[in-house]
Amino acid sequence: MKRMFLIGIILGFLSSCGKENITVKTENNTHISSKDSTHNNFSLKWTSLIDNSYNNGELDISSKYIGIQGWSCMANPPYIYVGATFPKSTFNTSFDEEVTDKKNPIYLIFNFNDPYITNMETVSYNEYLKKIKEAINSEEFSNYYSFPTRPYQVKFAELQSPENLDSCFVDNKDFGNTLKRIVKQELNMDKVKSLCIGKVIFKSFTVSMDTPPDGLFIKEPSGIENFVYVRTLTYGTSAYFIIGSNKTYEEVLAAFKGSFMNDYHNQEGALHKSQIILLTVSDINQEAEIKTTFDDLNSFLKNPFMNGNTYGYPIYCKGFYAKDNSIFKITTSTSTGAHTRG
């Protein structure tokens, strides 16, 4: 039953097939002002429509380094690659101060339907980019790989006020604050009864490595117990959107549990008079493109990888300690990396 329920949500979300309207709660007559602020009392609560994530040590970096085209919010993607090694203090934060001691050759595995495996003799960023290019041009990719059409993650949250947007991007305050400015400038808040944020993630492929039998480094560097290397890197695309509606948040959420485009074209639908600001991030530059229609959102959902012209950007990674190959995990109570045997 659970599987059938999920399939129903996915088909409704991605298709334009008609569905019966969902009964929702009675409206109230309060409106949101761009000056309203519930920031001090706001607690972000996501509602997941699709979520394939699980606690396996995978770190979400999908929004950490993104910027916005045409605004003073520049993307700052770090030079991360499979095999790259950093102090644990910068891993999953700035990814700087890379440990550049010479490493043993590693095997890279691209998880295409027919996996592509290649040897990286010199472990470096430039060499890794060459291997990515080789993999994309390989027979394994061209003949056996198809980009996913099902989202990896879809979730929504009620905002209550534009002031709360920075709470949605705690790992990228500049992005959240810039999005707040865009909302205040572009949305007509006069008749907005509810304000919500949505996030969609599409996974592409994952690149992983085999640990060399003689260890990662040719000669073990000093302080190796504090070094963490990138064991896997997953690519994908993402979309973030703000919806200002004259309907309640529950009605907007219900529209996305069915065919949201049918709801949008329905004069009585929750989305028909709603406004949207959509930001899509699709390539390695990590610069979000701003769009303003539900048709734009529908186009992204139907073609997130632009007919195969992009494989996305790094959205998830896994780190392992160089000393003992235990997995690196973030502990929220201390905000430091924890050891776990993996």
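Worth knowing before you read on, the calculation uses all heavy atoms, side chains too, and leaves out hydrogens, waters and symmetry mates.
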**Message:** To the closest 0.5 Å, what do you measure between CD1 (Ile106) and CD1 (Ile109)?
**Reply:** 8.5 Å
**Asked** Hey, are the side chains of Phe156 and Phe241 touching, using non-hydrogen atoms and a 4.5 Å cut-off?
**Response** yes
**Message:** Over 60° means perpendicular and under 30° means parallel, so tell me whether Phe202 and Phe300 are parallel, tilted or perpendicular.
**Reply:** perpendicular
**Prompt:** Would you say Asn172's side chain and Ile66's backbone share a donor-acceptor pair under 3.5 angstrom?
**Reply:** yes
**Asked** Is there a side-chain contact between Glu121 and Glu127 (heavy atoms, below 4.5 Å)?
**Response** no
**Request:** Please round to the nearest 0.5 Å and tell me the distance separating atom OH of Tyr152 and atom CD1 of Ile201.
**Result:** 9.5 Å
**Asked** Hey, what's the ring geometry for Phe205 with Phe141, parallel, tilted or perpendicular (30° and 60° as the breaks)?
**Response** perpendicular
**Request:** Establish, from distance only, whether the side-chain atoms of Ser94 and Asp96 form a donor-acceptor pair under 3.5 Å.
**Result:** yes
**Prompt:** Less than 4.0 Å between a side-chain N and a carboxylate O, is that true for Lys184 and Glu163?
**Reply:** yes
**Asked** Considering only heavy atoms from C-beta outward, does the side chain of Ser194 approach that of Asn246 to under 4.5 Å?
**Response** no
**Close side-chain approach of Lys64 to Asn92, heavy-atom, < 4.5 Å** = yes
**Request:** Please check if the side chain of Asp51 supplies one atom and the backbone of Ser48 the other of a donor-acceptor pair under 3.5 Å.
**Result:** no
**Lys88 NZ/CZ over Tyr321 ring centroid, <6.0 Å and within 45° of normal** = no
**Message:** Ignoring hydrogens and geometry beyond distance, is a side-chain donor-acceptor pair present between Asn164 and Ser161 at under 3.5 Å?
**Reply:** no
**Prompt:** Is the side chain of Thr211 donor-acceptor paired with the backbone N or O of Met209 at a distance under 3.5 Å, no angle test?
**Reply:** no
**Asked** Just wondering, do Ile132 and Tyr81 contact through their side chains at under 4.5 Å, heavy atoms?
**Response** no
**Request:** Report yes or no: do Tyr313 and Glu287 form a side-chain donor-acceptor pair below 3.5 Å?
**Result:** no
**Prompt:** Does a donor on one side chain sit under 3.5 Å from an acceptor on the other, for Thr232 and Ser208?
**Reply:** no
**Request:** Test Tyr79 against Phe95 for ring-ring contact (aromatic ring centres under 6.0 Å, His included), laying out the working first.
**Result:** CA-CA 7 Å; Tyr79 293 104; Phe95 283 108; over 10 Å; no
**Request:** Can you measure from CG (Leu195) to CG (Leu187) and round to the nearest 0.5 angstrom?
**Result:** 7.0 Å
**Polar side-chain atom of Asn188 near backbone of Asp190 as donor-acceptor pair, under 3.5 Å** = yes
**Prompt:** Got a sec: does the NZ of Lys130 have more than 12 other heavy atoms crowding it under 6.0 Å?
**Reply:** no
**Request:** Please confirm whether Lys199 makes a cation-pi placement over Tyr240, using NZ or CZ under 6.0 Å from the six-membered ring centre and within 45° of the ring normal.
**Result:** no
**Message:** Parallel, tilted or perpendicular: which one describes the rings of Phe112 and Tyr145, with boundaries at 30° and 60°?
**Reply:** tilted
**Request:** Could you tell me whether a side-chain N or O of Thr310 sits under 3.5 Å from a main-chain N or O of Gly312, the two making a donor and an acceptor?
**Result:** yes
**Asp263 side, atom CG; His272 side, atom NE2 - distance, nearest 0.5 Å** = 10.0 Å
**Message:** Measuring only between side-chain heavy atoms, which start at C-beta, is Thr280 closer than 4.5 Å to Thr237?
**Reply:** no
**Asked** Regarding Glu139 and Ser142, is there a side-chain donor-to-acceptor distance under 3.5 Å anywhere?
**Response** no
**Prompt:** Thr90 versus Glu98: any side-chain heavy-atom pair under 4.5 Å?
**Reply:** no
**Request:** Using modelled atom types only, decide if a donor and an acceptor are shared between the side chain of Asp166 and the backbone of Gly176 within a distance under 3.5 Å.
**Result:** no
**Asked** Do any N or O atoms from the side chain of Asn298 and from the backbone of Phe294 form a donor-acceptor pair under 3.5 angstrom?
**Response** no
**Prompt:** If we ignore angles and hydrogens, is there a donor and acceptor under 3.5 Å between the side chains of Asn262 and Asn266?
**Reply:** no
**Message:** When you measure from the side chain of Asp60 to the backbone of Ser62, do you find a donor-acceptor pair of N or O atoms at a distance under 3.5 Å?
**Reply:** yes
**Request:** Check whether more than 12 heavy atoms from other residues, nucleotides or ligands sit under 6.0 Å from atom NZ of Lys131, and answer yes or no.
**Result:** yes
**Message:** For a side chain to side chain donor-acceptor pair (under 3.5 Å) check, start with the C-alpha distance between Asp295 and Thr293, then their side-chain angles and the critical distance, and finish with the verdict.
**Reply:** CA-CA 5 Å; Asp295 286 326; Thr293 73; 4.9 Å; no
**Asked** Are the side chains of Cys317 and Leu233 in touch, meaning some heavy atoms are under 4.5 Å apart?
**Response** yes
**Carboxylate-amine/guanidinium proximity below 4.0 Å for Lys203 and Glu58** = yes
**Whether Phe147 and Phe305 hold their rings parallel, tilted or perpendicular, with breakpoints at 30° and 60°** = parallel
**Complete:** CG of Asp171 to CD1 of Ile61, rounded to nearest 0.5 Å, is 10.0 Å
**Fill in**
In this structure, CD1 of Ile284 is separated from CG of Leu129 (nearest 0.5 Å) by 8.0 Å
**Fill in**
In terms of heavy-atom contacts, Pro162 and Met189 come closest through CG-CE, 4.1 Å
**Asked** Among side-chain atoms of Ser124 and Asn126, is any donor-acceptor pair under 3.5 angstrom?
**Response** no
